[in-house]
Amino acid sequence: MAGSIHEGPEFGIGDFVLLREVTHEAFLENLRLRYEKNRIYTYIGEVVVSVNPYKTVDIYNQTYVDHYKGRELYERPPHIFALADSAYKTMKRKSRDTCIVISGESGSGKTEASKIIMRYISAVTNVSGRKEVERVKDVLIKSNVILEAFGNAKTNRNDNSSRFGKYMDINFDFKGDPIGGHINNYLLEKSRVVHQQNGERNFHAFYQLLSGAPDQKLEEMKLSRNPDEYHFIRQGGSPKCSTINDQSDYRAVMAALKTLNFAFKHAETLWKIVAAVLHMGNMEFDTVDEVHDTVGVRDGHKLKNLAGLLSVTQEDLKKALTSRVIAAGGNVVNKEFTKSEALYARDAFAKAIYDRMFSWIVSRINEVIDPKESGTGYIGKGTVIGVLDIYGFEIFQNNSFEQLCINYCNEKLQQLFIELVLKQEQEEYMKEGIAWVHVEYFNNKIICELIEQPHKGILAILDEACLNVGKVTDEMFLTAMTQKLKSDRFTCRALSPADKTLEHSRDFRIRHYAGDVSYSVVGFIDKNKDTLFQDFKRLLYNSKDELVKAMWPEGIQDITATTKRPLTAGTNFKNSIIALVDQLATKEPHYVRCVKPNDIKSPSNFDEERVKHQVMYLGLLENVRVRRAGFVYRAKYSRFLDRYKLITKNTWPNFRGNEVDGVKMIIKSQGFEKDVAYGKSKIFIQSPQTLFTLEETRDKYIPFIIVFLQKFWRGGLARRRAKQMRAIYLIMAKFKRYKMRSYILNLVQLFRNVRNMRDYGKSIKWPTPPQVLTGLVEELRKVHSRWRANMILKKVPRPEWPMLQTKCTAQDVLKGQRADWGYRRKWEGNYLASSKDNSSTIDFVTKANALKASDHFSEILFSSYIKKTNKHNQTADRAIVITDKFIYKLDPKKKYKLLRRGISIGDVTGLSITPDADQLSVIHLKDGNDLVICLQNPSREERVGELVGSLSRFFRRNRKELPVTVAKQIKCSLGSKPRQILVKPSPANGGPTFRKEGNSLVLMWPQ
Ligand SMILES: Nc1ncnc2c1ncn2[C@@H]1O[C@H](COP(=O)(O)OP(=O)(O)O)[C@@H](O)[C@H]1O
Ligand SMILES: [Mg+2]
């Protein structure tokens, strides 16, 4: 209902109830607009109006099924799925039988609609995938293929026109799964078997057999592929039709027969009967006795073929075709046919055999889909959905008995529609306690009565005519009608002499609800009597083909047996339709009203006149009016409140209180009090305008609501994110602390015992600290180092600390490049002041003090005897004294006389030594004249290490670094000339000496 207007205004209005004004113009305009935009479905309340698109529209796929499944009608744009779902839901919810009545004229899309509905139901059921249910669904759908092959034909209105009425019940179990079904068929248009109007075809089956059957099969049946060779199927002209593929349809029928478990031999028989009818049409008769005007069969070959196909003897067949047996007064007389009688009998035979076959097919399908037999666990209780797809109202060039039946059927359905739609409406108002205003609409009851009334109606008059003994003609029937019928809906030439469109003594006209139809009475009596001579029945009963025999059980009767006169075709039809209508009336109905947009099967042509006509006779406008006269819209209070509560502050977001009060609040806020009525459980709205305004207001608020919801949602999201972040940080912090803690604890554990370790924990490997602790750990290591140093130094007496420092410096500078550097020894520095080295220390000390006084140095870093050489390669024994200001070379033999001036310590640029045990030392000086010396002492102690340590320590104390080179070959500069010094071994006795070897100097070192 209302929801359908949400499709967007460019598609027109989804529910005609909401039209601003109910006029034909407005109705057609909306229908046309929607049709042009491929919106082929539109609602009138719960009724679906469907316009045949005459093209494939992709609106039936799974996406659409999902879209509509389980939804309410008004929740989605109009669609036949919504109606199917509604029928299904109603059945399930209320446990009630429902039905879907599909009406509309021929070619308006009824059969398609019924198939779409069945496919939808199939798609939404059996979610648990039960195998038997799947089989049932398959069978239900495939049965259409067979029924259409034998019961549909191309007419001028529709290439696939159903030539029989079909009502199908689908049975559901308590779970809502289809477990079977039942088909009722109504009046097959069997006259088509022997005659077709121009442009039309016989039933599809004939053409399917000729184009689809394999050569061998045709051969056996003595058939040719060319349909033009057969009288019964060529009368309408070319059998070709672009929308039909007989060949592939034949295969589809064969496959469907297999799916439906038809026995192979039964399928064979069906095709044989079709073939037999084709042959029958070509049977011709020749007068053999001019006097008695009797006939014989012209072609014995044909007779043989036909007899073969029906499995009867040629003799019997020939007899039945050319004569009949009459029982009169206990005597049995054989009466030979005249030529026209023979032709008449032949046609009657063909029609009957085909009609009987069709009925058998339906009954066979019913056996297959019988819910009791389907194996789905039928337990006797369950519900059905009935789908009615019956021939639509039709007007042909020439309308006969069949058209009268068909149109009568449509009158009955229209009657039902009027009754139910009005009845329902009325019941609803009554139930809800609302006063009902009557709406004028055309009630076609009078036309139904005109046709069906006992004793007085057309069918009764026809039956009466048929009952008369003696020769009764169609013309006499027309006269009887003219005299007896008193209705302005009936006329004929005798009653309207001025009407030239009606032929004298032949035509009559009925003003049907759907339009005027002129019928020709020719054939009415015959068709109504629908007699088939007992000879034929007996013939077929005696067939060797058990299926043919089974189709004709009444053939068993003896010719002399008096039987009750069978009901006429008209009365049969009337009874079945009345029964159908009664049955439909017990079910909750759903309507599909099919409209044909044009007569040329065009997908783009909206023939205003044709559509207007249909809209008129289908009473669609009245339908809209009825819906609107009372109230265009009704809804349960809860639903209404849900939908519109956002309109007022008091009801949004939740109304706490009685639903009715909430609804009243909304209505009051909009000032609509006068336009609504409050029922017991529903609110009723009178004018569409009110509903529009409500919808519009709702639309207006929706963006706010959306923003509101978004705000909350976004806020919620942000809060959640913030909470998560906070949690993350907390976890991170905790984790960091945990890491730190455990690291520190680990350190504490590791270093717990360092005090007692020999190396005070030097060997302990520090674990890699977490990132944050790297700085701290760096400091800790320093602290540990210092502590360790302190622990070591603590054991060393204070005065020895400088020596220790010197040793450390030496080690640091030498970096392990010299194997023996004398660190085990006590380093004394000023050796010449010690009696251990110097026997005349007094001389030295005196000299040193004098130098100290004159040169103002403050301490002696190192002193030693040396052997020295110079740029002239002269060697001499001397003493060296290194102070914090100068380096002095003294002559020990001359009471430590100072030889030349002291060398400023600032001139020292480096020191070179060898990696070996020799005592060679080169003190590099700025002026290019290095000191090349070899330390000597009486105890032959290693003292080069100490020299390195003393000088380096001094430099370091002055924040400079002394470059120290350790190499086997020492480079130096003497007299500004580069020289090389090597060490070579010499015998152990004797002291070290320098000597010149080429350009190099060599220290001969005693081993
Ligand atoms: N929903 C549809 N989609 C596409 N084509 C359709 C649809 N309904 C009907 N038609 C076309 O119209 C033709 C006639 O429809 P049909 O259902 O046989 O009419 P009816 O049963 O009312 O006589 C179909 O053969 C098909 O070509
Ligand atoms: Mg149809």
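Atoms within each ligand, like the ligands themselves, are counted from 1 in listed order. These numbers come from a predicted model, not from an experiment.
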Parallel, tilted or perpendicular: which fits the ring planes of Phe401 and Phe524, with parallel below 30° and perpendicular above 60°?
perpendicular
So, is Ser162 placed with an N/O/S atom under 2.8 Å from the Mg ion (ligand 2), counting both backbone and side chain?
yes
What about the rings of Phe150 and Trp360, do their centers lie closer together than 6.0 Å?
no
Quick test: of every protein heavy atom, which one is nearest to atom 21 (O) of ligand 1, and how far off is it to 0.1 Å?
Thr111 OG1, 2.7 Å
Should one rank Lys55, Glu148, Glu112 by closest heavy-atom distance to atom 17 (O) of ligand 1, which comes out on top?
Glu112
Check this for me, if you would: do Arg610 and Glu105 make a salt bridge, where the nitrogen-to-carboxylate-oxygen distance has to be below 4.0 angstrom?
yes
Pair Lys351 + Asp355: basic N to acidic O under 4.0 Å
no
To which protein heavy atom is atom 27 (O) of ligand 1 closest, and what is the distance rounded to 0.1 Å?
Tyr54 CD2, 4.8 Å
Distance flag, aromatic centroids of Tyr60 and His79, threshold under 6.0 Å:
yes
Considering only non-hydrogen protein atoms, determine which one is nearest to atom 18 (O) of ligand 1 and report residue, atom name and distance to 0.1 Å.
Asn158 ND2, 2.9 Å
Can a non-hydrogen atom of Lys601 be found less than 4.0 Å from any atom of ligand 1?
no
Could you establish whether Arg157 and ligand 1 come within less than 4.0 Å of each other, counting only heavy atoms on the residue side?
no
Applying a strict 4.0 Å limit to heavy atoms, is Ser106 in contact with ligand 1?
yes
Looking at atom 15 (O) of ligand 1, would you say a protein heavy atom lies below 4.0 Å from it?
yes
Lys/Arg N to Asp/Glu carboxylate O, Asp85 vs Arg71, below 4.0 Å
no
Give the residue and atom name of whichever protein heavy atom lies nearest to atom 23 (O) of ligand 1, and the separation in Å to one decimal.
Gly107 N, 2.6 Å
Metal proximity, Ser114 vs the Mg ion (ligand 2), N/O/S cut-off 2.8 Å
no
Is it the case that Ser211 and Arg225 place a side-chain donor and acceptor less than 3.5 Å from each other?
no
Under 3.5 Å side-chain donor-acceptor pair for Asn38 and Lys55:
yes
Can you list the ligand 1 atoms lying under 4.0 Å from a non-hydrogen atom of Glu105?
22 (O)
When only distance counts, is Lys110 in polar contact with ligand 1, meaning an N/O pair under 3.5 Å?
yes
Do Phe358 and Phe164 have ring centres separated by under 6.0 Å?
yes
Below 4.0 Å from any atom of ligand 1, is there a heavy atom belonging to Pro53?
yes
Is any side-chain N of the basic residue among Arg32 and Glu608 closer than 4.0 Å to the acidic one's carboxylate O?
yes
Are Phe206 and Tyr354 an aromatic pair by the rule of ring centers under 6.0 Å?
yes
Measuring from non-hydrogen atoms of Tyr60 to any atom of ligand 1, is the shortest distance under 4.0 Å?
yes
Compute the minimum heavy-atom distance from Ser108 to ligand 1 and say whether it is under 4.0 Å.
yes
Counting only heavy atoms, tell me which of Ile116, Asn160, Asp159, Asn52 gets closest to atom 13 (C) of ligand 1.
Asn52
